[in-house]
Amino acid sequence: MSQTILIETNPDLKKIYSINLNTFVGTDVIHRNNADDAIELLRILPQVGLVITQSKVGAEETAIKIHRFIKSENLATALIVLGESKTISDEVLCLKDPVSWEILIKQAAQHLGVNMQDATAKVRPDYLPVGVHYFYDISNTPCDIYIRIKKAPNDYQFVKRIHSKDVFDKSDIQKYEDQGLKEFYVPKDYIQYFTTFVTNNLIKKLEREDLTMEDRILTTANAHEIVRESIQAIGFDDASVELSDASINSMVKSVKNSPQVAPLLKFLFSNKVSFAYQHCHLLALMCHYVLSKQSWYKPEHLETLSFVAFFSDVTLKSNLQMQISSMRDLNESNLTDEEKRQVMNHAKDAVALMTNHPDANDYIKTVLIQSHGKIDGIGIEENPGEDLHPLSKVFIVADAFVKILLNPALPSSKKDILPLLSVRFTNASYQKIIKALEQKFE
Ligand SMILES: [Fe+2]
């Protein structure tokens, strides 16, 4: 589903526009309050198809600010302005006040490449966007693939770029990316067929024994991204269950044979692996380090913790949310109230999702709900107690280690990170876990 950012301060109009955009244009509407908030989101989600904004919010020249940003970043995002904005009216569609929702959805449909045949029937786009990364681990596609190009400022056309018989590799796809392409488009009737094809190919690749360490990590990272997107869009289905199983097995394999942390970090950064997977992979690795020093260690403990690492932040939508490691971080962040609520509840929400995953056993659910030190999975505990499950304690310390490691503003050497953990986690069993990490690094 395409995404549209809407900035509308009148609550009644906001509701009418959102419902109709969603119903008739089939676009997911995200609300923002001003230009800065919208720009912040566009930095994270450059694939947003359309921004609809009031020309001004209070004294702010909202439309002009957003237009400048879209232009300077060369985004394919279209813009519709509600009300007059003389400075940009030659380049951007400005709808005169009062704007009727019928006119707005008609324009939105045109900007997003949707055929509006009948405003009373539910309209779906003819082509659906899929991230370029869906093409990283396949060498052909089961259907023709298109790109969206701008014909005129407010008019888009879909052009066939990959034929179903074409053979390509990752470097071909990267050439498109280098030119700034973020998404290909799949004809809507083929979307299910296409995603099943990609999932099956990824599973096959992840199950291969002869993958190099580098290829294994990059393929698992890509699978992680695809699982996250799929779960956030539609929840668990059979394909994401199978793909996540293959990914977790693959991650466990690479963690057991992992290079040292420094070269691993260099590899993750230089290959532009997503923050979500950097965090997930390093977290599983730290858990492995700690577990390998415990007398009670059994291989299934690493499997449990890797499973939890894979899904622990799956409901979070931005890197900013995933970087939060304390209530103080959360309160001082620029996140909206809704985004803060998502962070507060993400452990609990992840467990709720697990009811649809057949392999999520009670151990996994226990560690997942306690992953931020709270028994009920709500909030973040600064100094968790002894009452938690032993595996949860390992997970929490490992998570805190990795969050510091990946934060450019905090120390990145293990010698400097471990004392920070010692100050935060004062209870005896946590101190033991920190000691185990220390020994591992000696
Ligand atoms: Fe988390």
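These numbers come from a predicted model, not from an experiment. As the structure lists them, so they are numbered: ligands from 1, and atoms in each ligand from 1.
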Participant: Determine which pairs satisfy side chain to side chain donor-acceptor pair (under 3.5 Å) with at least one residue from residues 352-361, sequence neighbours left out, and list them in order.
Facilitator: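 Checked against side chain to side chain donor-acceptor pair (under 3.5 Å) - neighbours excluded - the pairs reaching residues 352-361 are S244-H357.
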Participant: Give, for atom CD1 of I145 and atom CG of N140, the distance between the pair rounded to the nearest 0.5 Å.
Facilitator: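 Spacing of CD1 (I145) from CG (N140) equals 10.5 Å.
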Participant: Looking only at the aromatic ring of each residue, does the gap between the centers of Y176 and F184 stay below 6.0 angstrom?
Facilitator: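 Judged by ring-centre distance (under 6.0 Å), F184 and Y176 do meet the cut-off.
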Participant: Taking S333 for its side chain and L330 for its backbone only, find out whether a donor-acceptor pair lies under 3.5 Å.
Facilitator: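 Such a contact is found between S333 side chain and L330 backbone.
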Participant: So, do L291 and L391 sit near enough that their side-chain heavy atoms are less than 4.5 Å apart?
Facilitator: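 Yes, at least one pair of side-chain atoms sits under 4.5 Å.
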Participant: Counting only N and O atoms by type, is there a donor-acceptor contact under 3.5 Å from the side chain of T27 to the main-chain atoms of S2?
Facilitator: yes
Participant: With 2.8 Å as the threshold, which protein atoms of type N, O or S lie near the Fe ion (ligand 1)? Leave waters out.
Facilitator: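 As for protein N, O or S atoms lying under 2.8 Å from the Fe ion (ligand 1), they are D313 OD1, H346 NE2, H372 NE2.
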